[in-house]
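No hydrogens, no waters, no symmetry mates; every other heavy atom, side chains included, goes into these values. All chains are named by letter (A, B, ...) in the order of the sequence lines, taking the proteins before the strands, and each is independently numbered beginning at 1.
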Amino acid sequence: MKLRKNAPAIIIFLFVISWILFVGLSIEAGTLLYNGIATQFFDKSNADFNQLDSLYQASELHYPVFMLGLVLIAVSKAYLFYRLIKISFNREFDPERPFIREAKHLLTTIAYQAVEIGFGCLLWQWYASWLSSRGISMPSPAHLDIDGADVWLFMGLILYVMGYFFKKGVEMQEENTLTV
Amino acid sequence: MPIIVNLDVVMAKRKISLNELSERVGITLSNLSVLKTGKAKAVRFSTLETLCEVLECQPGDLLAFEPESPKK
């Protein structure tokens, strides 16, 4: 952890929260991946871990596809928080002078990633409802952690707008730095 | 950049080093170096005033304008 010792308490708090979320999401992604592989190759009864045993029994094609989507969404979420944490390891990052190019780039890429996660959740919710319409008992989107697509999309939009303003801030800060 | 900073010329005439100028003007060496090498994007009037006072010169001695040659 390379945050400065005199960083505001709120920054340190958010940094700690980001770490906790990153670890939690990584564990979730790892669990989903392990469960999917274990179900496919070792023990079929593992499918009931996510209440997807009905899906596995109904179709051995749709189950790995569905699990792959869940894993990709979970990995994307974990990677998003990893990128957030990674900025603090940038030596140029100073909470007192935040308008650096790396931060602007981070905001923009996180915005795109949030939109991707939102669309991924929407697509997989539709996929789950389509499977339900074919008589397969599917758990709720909240249980599969693919709900809140509208929140991800909204966050992506807000971050993209913030990235645009950050770009202007970077230009102003750079000009201020070169003002003698 | 069309604005040319002749700080090194005036410093040579006054026989003053960058370190000494930095101490007398109250600007860091890095900022003075930015100004001297022409990388500065802007100069505050207060800085210009202090430089002219220390170097006993006019702003026109420090700054010159050379328009960029039109592209053919």
Applying the 4.5 Å side-chain criterion to the ILVMFWY set and letting contacts propagate, would [X] and [Y] be lumped into a single cluster?
X	Y	value
Phe81(A)	Phe154(A)	yes
Leu14(A)	Phe99(A)	yes
Trp19(A)	Ile17(A)	yes

Those residues that, when tested against Tyr127(A), pass ring pair (Phe, Tyr, Trp, His ring centres under 6.0 Å) (two or more places apart):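 With sequence neighbours excluded, Tyr127(A) shows a ring pair (Phe, Tyr, Trp, His ring centres under 6.0 Å) to His62(A), Phe66(A), Trp124(A), given in chain and number order.
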Taking all atoms of both residues into account, what is the closest heavy-atom pair of Val34(B) and Val180(A), and its distance?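 For Val34(B) and Val180(A), the tightest heavy-atom pair comes out as CG1-CG2, 4.3 Å.
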Over all heavy atoms of both residues, which pair between Thr179(A) and Arg44(B) is shortest? Give the atoms and the distance, please.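 Looking at all heavy atoms of both residues, the closest pair is O-NH1, 3.7 Å.
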Could you tell me the separation between the CG atom of Leu35(B) and the CG atom of Leu178(A), rounded to the nearest 0.5 Å?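 CG of Leu178(A) is found 11.0 Å from CG of Leu35(B).
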